[in-house]
Amino acid sequence: MKRHIFEQLVAWKETPSSRRKPLILEGARQTGKTWLARELGNTQFESFVEVNFEKLQEARSLFEANFDLNRILLAIQAATGQKVIPGKTLLFFDEIQFARRGLLSLKYFHDEMPELHIIAAGSLLGVIDHKDDSFPVGKVSFIHIYPLCFTEFLCAIGREGLADMLQSKDYTAINAFAETYTDLLRQYYYVGGMPEAVKTYVEEQDYKAVRQVQNEILKSYKNDFSNHPPKEIVKRMIMLWDCIPAQLAKENKKFIYTAVRSGARARDFETAIQWLCDAGVVYKVTRVRSGEMPLRGFEDMDAFKLYTLDIGLHGAMAGLDAMTLVQGNELFLQYKGALTEQFAMQEMRCLNDMEIHYWTPEESRAEMDFVVQHAGEVIPIEVKAEQHLRAKSISVYIQQNHPDHIIRTSLAPYKQGAAVTDIPLYAFQQAFE
């Protein structure tokens, strides 16, 4: 699969050793961290050595005695049968959370062997309690791995030319292929961007097989919920996770605690929400009271929306039937635009430098679906599930915030207006590139 993030990995590899740090790949389970490390090692280095601490149990105590790097590398060579050569080898520590003091070892690799390229990855690194370990603050770099975005999906299914057209921003050509893009977007809404689900779709062309993969991923997430967080919040986490599709299906998508459990209050679920966010399986988008910079200065932490990490998983959780794929625009209208809003958020989340919020006024029911801070400006975004466009919320936002311009994304073709730029959903991400 072609992943846009791969260019960042190559850039990290080419960074001079005096500035390069060991790299931690962050992201939820099964988003492609291991595949990316292997692809980098096998295509950009003379050799690639992988130590999976979940599978290689004898290596879990590798760092307990001391951090003598020569001893550690000799032990890795004995365990893998491969020699680690600084400057030529990519050393990959997978599932590093299983190795006691594994994360701390990265500090010593940084300080004492900077010429060695080393990547670490693992599940739930941000939430697991690493007892007796210290995190190597300032000694590591991070790259977050997300599910495949829409253009990556197009490349994966063999439509690279259409992906390139989106990147070119040739809207005359893009508008001419609107029907094709819309059909492929329907497929992406169902399949989503989890690498295994996309791989299954490419190889089998079977929506039932895709749904089976998605359900297995969801089951693995729930197993994580049961095994790793404090026991007292497990039940609340599962309740929160299960209710997200229904919460987003409401006309007012603000998260309502009483919709999870009658009489529930914020303090009952705050820790559970934070755990899900830190695990990377849920995205929290908070309200802002004003569309001014910096947006965080106008943030209302008590009002927020929750999204899942992947639109395909979202559809599986909601029980979305594959038959909707052949029923015109019905797919985009289901749950009153919830899937479309999930798609827009997911496309923006892949742009790591984007700060995402939403806006509502104090005295009106109007809402700007997203207000983002990106490349030094604030951009309001209206998301519509169909081509019939209404501008009530846009009018209220303009009156109160006086933006330079607004982006509206829908199934309508590209159109540059005086105040509003219409961007097709399938070309949405490219509006920020």
Side-chain angles (χ1 to χ4, degrees), residues 244 246-259 266 283-307 329 332-349 351 354-432:
I244 289 176
Q247 291 268 358
L248 283 178
K250 299 188 284 84
E251 183 175 355
N252 176 8
K253 298 176 176 61
K254 172 186 172 182
F255 191 85
I256 304 297
Y257 290 101
T258 53
Y283 302 138
K284 184 179 181 181
V285 175
T286 53
R287 171 183 177 260
V288 289
R289 296 182 294 272
S290 173
E292 301 178 53
M293 288 186 64
L295 287 177
R296 288 184 182 177
F298 302 92
E299 191 173 16
D300 177 5
M301 297 297 293
D302 293 329
F304 58 89
K305 298 186 257 185
L306 293 182
Y307 300 86
N329 288 348
F332 303 106
L333 297 174
Q334 282 201 2
Y335 315 116
K336 298 180 181 179
L339 283 175
T340 304
E341 200 169 307
Q342 167 74 34
F343 169 77
M345 186 283 308
Q346 192 171 326
E347 291 285 282
M348 291 188 292
R349 182 60 66 182
L351 305 171
M354 182 172 286
E355 185 178 331
I356 306 172
H357 301 274
Y358 76 100
W359 172 87
T360 58
E362 301 292 346
E363 71 288 347
S364 170
R365 294 185 63 184
E367 176 179 312
M368 188 58 62
D369 297 305
F370 296 104
V371 180
V372 304
Q373 189 170 314
H374 178 67
E377 64 176 326
V378 171
I379 306 171
I381 300 165
E382 177 94 329
V383 178
K384 293 295 183 183
E386 74 281 1
Q387 294 193 33
H388 179 61
L389 306 177
R390 296 181 300 274
K392 178 182 177 181
S393 293
I394 289 178
S395 298
V396 175
Y397 186 89
I398 290 174
Q399 291 170 9
Q400 297 195 16
N401 295 280
H402 312 291
D404 293 332
H405 67 285
I406 290 176
I407 289 177
R408 178 168 55 197
T409 186
S410 68
L411 290 180
Y414 175 84
K415 181 181 179 182
Q416 178 70 61
V420 179
T421 300
D422 284 298
I423 302 287
L425 281 163
Y426 39 79
F428 177 61
Q429 190 182 84
Q430 285 66 48
F432 306 98

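The basis for the numbers below is simple: all heavy atoms, side chains too, and nothing from hydrogens, waters or symmetry mates. In this text, all values refer to a predicted model and were calculated from it rather than measured experimentally.
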What's the shortest heavy-atom distance between [X] and [Y], and which atoms?
X: R296; Y: E355; answer: CG-OE2, 2.7 Å
X: K305; Y: K253; answer: CG-O, 3.3 Å
X: W359; Y: S290; answer: CD1-N, 4.0 Å
X: Q373; Y: L295; answer: OE1-N, 3.0 Å
X: P380; Y: M368; answer: CB-CG, 3.9 Å
X: V378; Y: G291; answer: CG1-O, 3.6 Å

Quick one: are [X] and [Y] in side-chain contact, heavy atoms under 4.5 Å?
X: R365; Y: K392; value: no
X: E347; Y: F432; value: no
X: D422; Y: P413; value: no
X: V372; Y: I379; value: yes

Check: Going by an N to O cut-off under 4.0 Å, is there a salt bridge joining D300 and R287?
Finding: yes
Notebook entry, point to check: Stepwise, does the side-chain contact (heavy atoms from CB on, under 4.5 Å) test hold for E341 with Y307?
Noted result: CA-CA 9 Å; E341 200 169 307; Y307 300 86; 2.5 Å; yes
Are any side-chain N or O atoms of [X] and backbone N or O atoms of [Y], one a donor and one an acceptor, separated by less than 3.5 Å?
X: S393; Y: E367; answer: yes
X: Q247; Y: I256; answer: yes
X: T286; Y: M301; answer: no

What distance do [X] atom [atom1] and [Y] atom [atom2] have between them, rounded to the nearest 0.5 Å?
X: R408; Y: K384; atom1: CZ; atom2: NZ; result: 8.0 Å
X: I381; Y: I423; atom1: CD1; atom2: CD1; result: 10.0 Å
X: L306; Y: L248; atom1: CG; atom2: CG; result: 7.5 Å
X: T409; Y: E382; atom1: OG1; atom2: CD; result: 10.5 Å

Checklist line | Donor-acceptor pair between Q346 and Y283 side chains, under 3.5 angstrom | finding: no
Note to self: We want to know whether Q400 and E362 form a side-chain donor-acceptor pair, criterion being a heavy-atom distance below 3.5 angstrom.
What the structure shows: no
Next item on the list: Could you give me the CA-CA distance, side-chain angles and deciding distance for H405 and Q416, then say whether side-chain contact (heavy atoms from CB on, under 4.5 Å) is met?
Entry: CA-CA 10 Å; H405 67 285; Q416 178 70 61; over 6 Å; no
Note to self: Before you tell me yes or no, could you show the steps for I407 and F428 under side-chain contact (heavy atoms from CB on, under 4.5 Å), namely the whole-Å CA-CA distance, both residues' side-chain angles and the distance that decides it to 0.1 Å?
What the structure shows: CA-CA 9 Å; I407 289 177; F428 177 61; 4.3 Å; yes
Margin query: What verdict does the side-chain contact (heavy atoms from CB on, under 4.5 Å) test give for T360 and K254, after you've listed the backbone C-alpha separation in whole Å, the side-chain angles of each residue and the deciding distance to 0.1 Å?
Written below: CA-CA 10 Å; T360 58; K254 172 186 172 182; over 6 Å; no
Item checked: Partners passing ring pair (Phe, Tyr, Trp, His ring centres under 6.0 Å) against Y358 (at least two apart in sequence or in another chain) -> none
